[in-house]
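Read through the structure below, which is laid out as structure tokens, and then see the notes.
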Amino acid sequence: MSTRAVEQLKTELGAEPPEGVGRLAPEHIERLTTALRRERERRASGLGEAAEEALKLVPALARGPVRRILFR
């Protein structure tokens with residue numbers, strides 16, 4: 001068992017991985033970690049795009065201050 005791979009997964013999850021993860025091959029743990037990271041990045045990107053679209057509903061003169069307040 002690769003403790004480095006498990007530690008990276010733990011970091012990505014922000015919690016202890018399930019007990020059975022330690023029985024996986026290190027390359028499978030790394031693949032899982034990469035998939036989780038990519039999904040998190042994809043979701044964050046989608047949320048950013050949605051926020052920008054929502055700002056289009058705010059009057060043009062107020063967009064700058066609203067953006068600064070929301071996205072400090």
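- In this structure the side chain of Arg23 never reaches within 4.5 angstrom of the side chain of His28, judged on heavy atoms.
- With a 4.5 Å cut-off between side-chain heavy atoms of Ile, Leu, Val, Met, Phe, Trp and Tyr, the cluster of Ile69 takes in none.
- Put simply, OG1 on Thr34 and CG on Leu9 are 10.0 Å apart, with the number rounded to the nearest 0.5 Å.
- Between Thr33 and Thr11, every side-chain heavy-atom pair lies at or beyond the 4.5 Å cut-off.
- Phe71 and Leu47 are not part of a single hydrophobic cluster, where members link through side-chain heavy atoms under 4.5 Å apart.
- Shown here are the side-chain hydrogen bond (donor to acceptor under 3.5 Å, both in side chains) partners of Arg31, two or more places apart in sequence or in another chain: there are none.
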Table please: side-chain donor-acceptor pairs of residues 53-64 below 3.5 Å, with sequence neighbours left out.
{"residue": "Glu53", "atom": "OE2", "partner": "Lys56", "partner atom": "NZ", "Å": "2.8"}
{"residue": "Arg63", "atom": "NE", "partner": "Leu55", "partner atom": "O", "Å": "3.2"}
{"residue": "Arg63", "atom": "NE", "partner": "Val58", "partner atom": "O", "Å": "2.9"}
{"residue": "Arg63", "atom": "NH2", "partner": "Lys56", "partner atom": "O", "Å": "3.2"}
{"residue": "Arg63", "atom": "NH2", "partner": "Val58", "partner atom": "O", "Å": "3.3"}

Please table the atom pairs, donor to acceptor, closer than 3.5 Å between any side-chain atom in residues 12-19 and protein atoms at least two apart or in another chain.
{"residue": "Glu12", "atom": "OE1", "partner": "Arg37", "partner atom": "NE", "Å": "3.3"}
{"residue": "Glu12", "atom": "OE2", "partner": "Arg40", "partner atom": "NE", "Å": "3.3"}
{"residue": "Glu16", "atom": "OE2", "partner": "Lys10", "partner atom": "NZ", "Å": "2.8"}

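- Between Ala5 and Pro26 the shortest heavy-atom distance is CB-O, 4.1 Å.
- Taking the salt bridge (charged side-chain N to carboxylate O under 4.0 Å, His left out) definition, one finds that Arg43 meets it with Glu39, sequence neighbours left out.
- Summarising the geometry of Ile29 relative to Val21, their closest heavy-atom pair is CD1-O, 3.5 Å, with the distance given to 0.1 Å.
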